[in-house]
Every structure is written in structure tokens, then in C-alpha cells.
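Working notes, beginning with the structure itself.
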Amino acid sequence: MNVVVVESPAKAKTINKYLGPGYSVLASFGHVRDLPPKDGSVDPAADFRMIWEVDAKAQKRLADIAKAVKGADKLILATDPDREGEAISWHVLEVLKEKRALKDQRVERVVFNAITKQAVTEAMKNPRAIDAALVDAYLARRALDYLVGFTLSPVLWRKLPGARSAGRVQSVALRLVCDRELEIEKFVAREYWSLVATLATPRGETFEARLVGADGQKIQRLDIGSGAQAEAFKRDLESAAFAVASVESKPARRNPPPPFTTSTLQQEASRKLGMAPAHTMRVAQRLYEGAEIGGETVGLITYMRTDGVQMAEEAIAATRSLIAADYGKSYVPDTPRRYQTKVKTAQEAHEAIRPTDLARRPRDVARHLEPEQAKLYELIWLRAVASQMESAELERTTAEITARVGPRTLDLRATGTVVKFDGFLTLYQEGQDDEADDEESRRLPAMSAGEALARRAIAATQHFTEPPPRYSEASLVKRMEELGIGRPSTYASILQVLKDRGYMRVDKRRLYPEDKGRIVVAFLESFFARYVEYDFTAGLEEELDRIANSEVAWREVLRDFWRDFIGAVDEIKDLRIGQVLDALDEMLAPHVFPPRPDGSDSRLCPTCGSGRLSLKLGKFGAFIGCSNYPECRHTRPLSAANGDAQDAGTKVLGLDPDTGLEVTLRTGRFGPYVQLGEAVDGEKPKRAGIPKGWALEDIDLARALALLSLPREVGRHPETGEPIRAGIGRFGPYVQHEKTYASLEPGDDVLAIGLNRAVTLIAEKLAKGPRGRRFGADPGRPLGEHPTRGGTITVKNGRYGPYVSLDGINATLPQGKTPETVTLDEAIGLIDARAEKTGAPARRRPGARKGVEADGKATRAASARKATGKATAKPATKAAAKSAAKSAHKSAHKSAAKSVAKPGSAAKPKARAVK
């Protein structure tokens with residue numbers, strides 16, 4: 001028997017069918033170990049020794065794998081074909097070595113780019129060893145991210161109350177968004193005018209021509225800067241005689257874009273399908289893992305984390321055959337197209353993203369997929385097929401027009417493009433982030449030099465220059481790729497982390513930095529400028545690539561980074577918060593104190609009229625306050641200066657057609673919400689919170705009524721027949737089936753989620769076990785028995801931090817203690833101290849004899865006898881009794897500690913060091 005380890009259970013099931021009875025395919029469910037989130041997990045002083053801890057959820061899965069491997073002939077590690085997949089294989093192998101599950105079994109590593117029988121079978125014929133260089137690159141990246149996060153974040157917490165954390169790559173991506181916002185705020189619009197003449201040929205066909213010159217001088221876009229200038233040109237044009245000076249037509253070709261990479265798939269799915277990058281990757285993962293078609297589960301696309309643009313030769317041949325059959329031979333180029341990436345940091349280790357079988361047309365597989373999966377599959381299929389089609393043939397025509405008025409000559413130009421052969425455009429056209437001028441897409445009528453033209457209309461139009469557009473998620477991913485920031489597998493998670501931390505928000509598909517995000521970036525640019533520079537971050541990514549190519553040792557890269565980084569951190573440790581505030585106040589001035597329309601001082605306090613406004617820091621983050629505090633208590637949020645903050649008043653959305661009551665949008669202490677009517681006789685009106693990420697500008701009467709109607713029935717569960725409901729609770733949007741609640745994921749809409757998606761979320765929540773039954777409440781980890789009060793002490797993660805609990809007595813863990821490090825003795829002390837403070841009565845151990853002393857000495861002695869299995873003689877004296885009781889107390893504690901350390905218990909997993 002051969003044991004194969006993959007990442008997901010869906011893949012395991014499919015691959016097991018392909019390989020047959022001689023194989024047992026087990027899933028690791030992704031990563032099985034990680035660095036514990038505490039100081040010391042990466043130790044620079046010990047040559048960057050890394051302490052790994054097995055995830056609690058992975059314990060059973062690893063035990064199952066170890067059990068299967070002990071009786072196997074061979075272990076085949078078949079995790080995903082990227083650095084993360086290589087790292088997971090390495091982690092699994094390391095854990096199996098620690099468990100001593102491996103003896104004489106051969107260990108092989110295989111990778112397949114698609115979940116198809118042919119791809120899997122071929123991969124099994126070409127095994128290799130784990131790529132040590134790829135693992136080293138993973139170790140370096142993980143250590144860098146940890147060192148930056150756990151070194152810089154505490155500095156942020158001390159200097160910037162309310163800030164959460166700063167990631168190595170996330171901070172640079174956030175800077176891109178903040179820098180763009182600063183450009184927009186500093187932008188000063190400039191007036192300009194355009195003049196367009198509507199002209200007609202002798203045959204009566206009309207077209208438009210734009211003024212481009214006068215008296216032998218070119219007129220650029222911004223040259224006509226006032227209405228007076230525009231009116232003067234308009235008067236001349238209205239009395240001018242027009243004629244065609246020249247007509248020039250040039251052929252042009254437009255080539256198809258290459259198949260999708262991870263980056264371009266995220267960009268195009270955002271543009272055309274409105275999907276966030278993280279959501280795109282989740283849907284793509286399901287397509288990669290496969291769907292059941294014709295009684296067999298097959299992977300529909302190749303691996304979706306790639307920066308390669310090439311396709312396999314057999315895929316190219318199949319695509320060309322399909323094009324010839326469906327569109328004709330004229331749409332097939334003479335030679336196959338082979339693409340090369342333009343991204344200098346691309347690894348190109350894998351194929352581009354393409355369908356595993358081009359013969360599976362989107363219309364044929366749509367009925368086997370959820371709607372979003374079908375849409376994404378169609379996008380991938382169209383792009384892959386179009387990439388091998390013939391180029392589009394165009395004809396670009398430029399007509400130069402002269403307008404003579406007295407001694408003066410004005411020059412106009414008309415342009416147009418005609419598609420002579422549509423080629424790949426018949427199937428696919430790439431989307432754009434920002435609307436482009438479609439002037440060239442117009443078709444010009446036939447005309448020849450010397451022909452007179454008739455004037456039909458002259459239009460002088462005022463324009464104002466516009467600031468650069470805010471990033472969309474698609475354009476930000478594109479910019480990050482251009483700068484070499486991050487890698488294909490990290491783009492989606494980077495954006496998601498920034499949104500989850502509240503550093504930026506998405507509004508009408510554009511990215512806006514939040515105040516807390518701007519504060520963090522300003523802080524980093526002021527005191528850690530080098531580490532948020534685009535070139536530095538891109539250079540570090542190149543160093544990681546060099547590690548993956550065995551060109552440099554990973555610890556050497558870490559040493560070079562750490563030496564300068566820790567020096568920068570040490571320099572700022574002694575800075576006073578006042579100094580930090582002064583620097584941030586100056587850097588954020590264009591955002592916080594923009595110039596007022598009347599030219600008055602934007603820092604003058606509007607309440608007292610004499611104080612100066614400046615940046616302040618409070619318990620919950622930054623705000624603007626008056627220098628005359630406490631006499632003047634004027635405060636406001638940062639963003640209110642730009643008018644972006646939602647008015648704290650009430651906005652009427654309309655009337656409820658059923659009740660006739662007014663529906664309003666309001667802002668309360670817990671955020672914005674919609675309300676139906678007003679309070680009557682003390683009875684609260686119906687309210688519904690606005691889900692996180694929703695733009696307030698988009699809340700109209702229809703959406704407000706939909707929110708107020710929640711919870712709604714999504715449908716009936718296919719197995720139980722019981723209703724599944726969707727609603728919004730204290731922890732956000734959710735779906736509910738019987739007693740199981742599952743939170744919606746980013747990208748899910750509580751108003752639109754369908755039955756299939758809801759069933760999936762419920763199933764995933766049930767698969768997590770009892771912990772997921774009530775809003776993810778933590779059942780706790782047992783530490784052991786309390787020697788005097790009885791009952792099991794558990795350690796839990798609560799809303800306000802970790803604590804220990806016993807029969808309703810809860811004691812918060814002191815600073816520096818975590819659920820993983822607290823001991824039973826410490827927990828007993830915390831419980832006893834809390835019980836004494838609150839006056840909680842001592843509870844006798846169940847089964848204890850009546851008359852036992854309150855201090856529990858006899859109980860402890862009995863516990864010790866039970867734990868050690870030894871009989872204890874009756875002490876002869878009081879001193880001997882006291883000594884025996886003390887000894888028994890210690891023995892009981894040791895016994896309890898042993899009991900929680902037994903295999904299979906909920907004790908802390910062992911942590912291991914990587915030397």
C-alpha cells in the first residue's frame with residue numbers, strides 16, 4: 001500500500017479514484033504547522049532558529065497519516081505545485097519523522113498541474129525529492145514576515161494607540177492606496193476647452209473633427225484655458241470654409257492577450273464579474289479541485305497560482321483544432337502562439353491557467369456548477385481559446401481638415417478605426433480599469449483630399465482636468481505586479497488583510513484608505529521609510545527568488561535584513577509620543593487640514609475661535625483636537641475635514657409600502673444602521689445594521705427594506721428538509737440551519753446568497769466540530785482538576801482575552817501568559833484569588849465524605865493516593881499529618897499535569913525547533 005498526501009479532501013477523493021486500490025490518499029487540510037504567535041518563535045540570536053507548533057486541528061489528521069504510513073511501502077507527498085505546497089510537504093515529513101512513523105519507507109514528492117487522470121498518472125511516473133531550495137525560500141519569507149510583524153507591531157501599539165499591526169508586504173500595498181489618495185487631495189483641477197466641428201461630406205455623411213492647430217501652431221489638449229479663447233475660436237470656425245487636406249489609412253493588427261496568470265485572472269474577474277481577488281481564488285480553487293460530471297469528479301482548470309503564460313503543447317494543439325472546427329480555418333494562425341511573460345520577477349514554473357479539457361465548453365458544464373463557478377470557468381475558457389486565435393486586422397484612418405477664415409487657417413483632425421477582420425475579437429475583448437476615449441473606435445465616412453465639407457455644428461465644451469483614479473482591486477494587483485511587490489499567491493490575501501484590519505475599504509469597486517490606515521502609513525514613512533519603499537520590498541522579493549534558485553543562503557538574507565531593521569527599531573523606541581504626533585501631523589496636513597474655499601486658516605478651532613487644531617491620539621485611535629483643551633473640548637474625526645464622514649443625522653430613504661412608516665439611514669455608536677419608524681410607547685423600532693464593507697451611498701429604500709426583512713429563508717436543506725435562513729447577528733452576516741450558525745465569507749451577500757452556497761457553508765461549519773456550533777464559541781482546553789473545589793479547570797479564548805474558568809468562576813490570564821503556556825498550578829492560584837475576591841463559595845468535591853475539613857487536606861491526600869496507587873498510613877502526629885497533606889497536594893498537582901499530557905488529550909502540542 002502506498003500513502004499519498006494531498007492538501008484538500010476533495011482532491012483526495014478524486015485522486016483516490018484515479019490511482020485505485022493500491023493507494024490510500026489522505027488530506028492534510030493545508031498547513032499543519034506554523035510559528036506560534038508569540039515572541040521567540042524566530043530567534044535571531046540563535047541564527048534564526050524557528051520554533052514550529054502543530055496546529056491543534058491538524059493533530060488528528062497527522063495521527064491518521066502517521067498510522068497509515070507505518071504499514072505502507074511508500075509515502076508520496078502530492079501537495080500543490082508551488083512554494084506553499086512544497087512547504088506543506090516538508091512540514092508533514094518533519095512531523096512524521098518526529099513521530100518516528102517512517103522506517104524503511106521510500107519518500108517521494110510528485111506534483112500535478114491539473115486534477116485529471118492523465119495528469120495524475122503522469123506525475124506518479126516522475127517523482128522527485130522535496131526541493132530544499134524552495135523550502136528555504138519559504139522559511140526565509142515566513143521568518144521575514146514574522147520578524148517584521150512581531151518587532152514592528154509592538155512599536156505601533158505603544159506609539160499609536162488603536163493601530164493593530166504592520167505586515168511586511170501589506171504595509172507597502174497600503175502605502176500605494178494612501179499615496180494615490182494623497183495625490184487626489186493635492187490635485188488642483190485645471191480648466192480647459194475643446195472645440196469639435198460636426199461636418200458633412202458631399203454625400204451627406206457626417207463625422208466629427210477636433211481643433212488641433214491654428215496659424216501653423218499645434219494646439220495641445222490644455223492650451224485653450226479660458227472660455228474667452230474658446231469663444232474666439234468658435235466664431236472663426238462658424239464662418240470658416242472647410243475642406244479635406246489629406247486622408248491616410250494605415251493597416252494595424254491587434255494581438256490576443258495571453259492565457260490567464262493568477263494576477264490577470266484576479267484583475268479580469270474584478271472588472272468583468274465584480275469578484276474580489278480573494279473570492280476569485282476561492283472559486284478557482286473549487287474549479288481546480290473538480291466537479292462531478294458524468295458520474296466522475298474531474299478537475300476543470302489547471303493550477304490557479306501561477307505567473308506562467310505558456311500552455312502545454314497538447315493543450316495548444318487541442319485549442320487550435322477547436323478554433324478551426326467552431327470558427328473556421330481563417331481564425332487559426334499559421335503557427336501556434338507561444339507567450340513569454342513581461343514581468344521580470346516571474347518564476348514561470350507552471351502553465352498558465354486554462355481548462356483541463358477545451359472540449360468542455362462553458363454551456364456544457366454550467367449545469368454542474370454553481371453560478372459563480374460557471375462564470376469564472378467561462379472567462380478562463382474564453383481567454384485560453386482566444387489566446388490561440390488569429391489577430392484582429394484593423395484599418396486606422398486619419399483625415400486632416402483645413403478651415404479657412406480670411407487670412408487665417410485652422411487645422412482639425414478626425415480619426416477612426418475600422419475592423420477589417422475580427423479575429424480573436426469575435427470571442428474575447430480584455431477589460432479596462434478606467435474608461436478610455438473611444439474617439440478612434442468611430443468609423444469615418446469615405447472622403448478624398450480636396451473635397452469641400454459642409455459645417456453642421458460647432459461645439460465649444462468646457463472641461464476640467466481630473467485627478468488620477470483611485471485604485472480598484474484589479475488595478476492595485478496590476479500595480480503590485482509591475483513593482484514586484486508580493487507574489488501571485490499572496491495578492492488576494494494582502495488585500496483581504498488590509499480590509500479585515502480596517503485599513504482600507506471598497507466603495508463602488510474603488511479602494512479608499514481609512515484614517516487608521518493613513519496613520520499607520522504616515523508613521524512608517526516617517527520612521528521606517530526604507531521598509532515601505534517599493535524598490536526595497538521588490539528587492540527583498542528578488543532575494544527570496546535567489547534563495548529558491550539556490551543562489552544564496554536563506555540565513556544570509558535574514559542576517560542582512562535583521563541587522564539594519566533592528567537598528568531602526570531601536571532608534572525609535574525612545575521617541576516620545578509627542579514627537580511622533582508632530583511628524584504625523586505635518587505629513588497628514590493635506591488630508592486632515594485641506595485649504596478652505598474662503599482662504600481662512602484651516603487649523604483655527606471653530607468652537608473657541610482661538611485654539612489651534614492638531615492631531616491627537618486617544619485610546620481608540622487618532623482624532624483632531626483643540627490646543628485649548630480642557631477649556632475647549634472640540635474634537636472631530638480625521639476624515640470629517642474632507643466631508644467624507646457620514647453625517648451623524650438622519651437620512652430619510654422613503655416609506656415602507658406595507659406599513660407606511662418612514663425608513664431612515666442613521667449612524668449610532670456601533671456604526672450605521674437602517675430603522676423603520678420611530679419608538680412608540682417605549683417600544684423600540686425595528687433596526688438592521690449595515691454589513692461591513694457596504695457603501696452608505698449605495699443604501700437605498702429597496703436595500704434598506706431587504707435588510708429590515710432579515711432573517712430570510714434561503715431554502716430547505718436537501719438532507720433534513722429544514723429551512724436555512726440568512727440574517728445579520730452580533731458577529732455579522734450568517735446562515736443558520738437548525739442549531740448551526742455559519743458566518744458568511746467576504747464576497748458573500750446576505751441578501752443574495754443562494755441555497756448551494758448556504759449548504760456549503762453549513763457543511764464546512766459542521767466539519768469543524770462542536771466549536772462551530774454557537775458562533776464559534778471556544779469550548780476551552782482542560783488543564784486538570786482543582787484539588788479543593790473539584791471540577792475541571794479549562795483555559796479559553798474569550799472576547800476580552802484568554803482566561804481560566806471553573807464552575808462560573810472566570811479569571812483573566814496575566815500579561816505575558818497565553819492559553820498555551822499557563823500551567824495548572826498557575827490556573828489554581830488565579831481561580832482561588834478570583835473566588836476570594838468575589839466571595840464565591842467553595843464547592844466540595846463530588847463523593848467527598850461529610851465532615852471533611854474546608855481546606856480539603858483529606859481530599860488532596862485521597863487524590864494523591866488514587867494518583868500514585870499507594871496506600872497512605874495514618875499519620876501519628878499533627879505535624880506528620882500536615883507534612884503528609886502538603887506532600888499529597890504536590891502529588892495531586894503532578895498527577896493532574898500528567899493526565900492532561902497523555903496522548904489524545906487536549907494538551908498543548910509539542911513545539912519543535914528548526915536548526
Side-chain angles (χ1 to χ4, degrees), residues 36-40 53 56 154 157-158 161 619-620 730-731 770-867 882-902 905-909 911:
K38 60 183 180 182
D39 287 337
E53 184 176 87
W157 301 334
R158 288 193 297 270
K619 183 178 180 181
F620 301 105
R730 59 183 296 198
F731 300 105
R771 175 174 298 194
R773 289 303 177 94
R774 289 185 58 194
F775 299 100
D778 186 359
R781 175 172 69 88
L783 293 174
E785 294 282 319
H786 193 292
T788 60
R789 293 178 173 272
T792 301
I793 299 177
T794 56
V795 59
K796 303 181 180 182
N797 282 302
R799 184 177 180 184
Y800 302 104
Y803 64 97
V804 289
S805 178
L806 173 68
D807 292 333
I809 304 172
N810 299 325
T812 303
L813 296 190
Q815 189 173 6
K817 283 295 175 184
T818 67
E820 292 78 23
T821 59
V822 67
T823 65
L824 177 62
D825 283 340
E826 291 168 338
I828 292 170
L830 291 170
I831 291 291
D832 289 346
R834 183 63 179 168
E836 183 178 348
K837 185 175 181 180
T838 59
R843 184 171 72 88
R844 191 171 70 246
R845 284 180 58 90
R849 290 180 294 108
K850 187 175 181 179
V852 174
E853 293 179 22
D855 64 3
K857 291 176 183 177
T859 302
R860 290 199 296 272
S863 176
R865 287 195 300 273
K866 185 176 180 181
K882 186 174 182 180
S883 175
K886 186 174 181 181
S887 175
H889 191 183
K890 289 183 179 180
S891 179
H893 282 189
K894 288 181 181 179
S895 175
K898 287 180 181 179
S899 71
V900 298
K902 290 179 181 178
S905 73
K908 173 190 170 187

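Nothing fancy with the numbering, it's 1 onward along the sequence.
In this structure, L830 CG and L806 CG are separated by 12.0 Å, a value rounded to the nearest 0.5 Å. To the nearest 0.5 angstrom, I831 atom CD1 is 10.5 Å from L824 atom CG. To the nearest 0.5 angstrom, T794 atom OG1 is 7.5 Å from L783 atom CG. Atom CD of E826 is separated from atom OG1 of T821 by 7.0 Å, given to the nearest 0.5 angstrom. Taking CD1 of I828 as the reference point, atom CD1 of I793 lies at 5.0 Å (rounded to 0.5 Å).
Residue E53 comes nearest to P36 through the heavy atom pair CB-CG, 3.6 Å, listed as atom of the first residue, atom of the second, then distance. Contact between P782 and T792 at its shortest, heavy atoms only, is CB-CG2, 3.7 Å.
Put simply, the side chain of R834 does not reach to within 4.5 Å of the side chain of V804, judged on heavy atoms.
N810 pairs by the side-chain hydrogen bond (donor to acceptor under 3.5 Å, both in side chains) definition with S805, not counting sequence neighbours.
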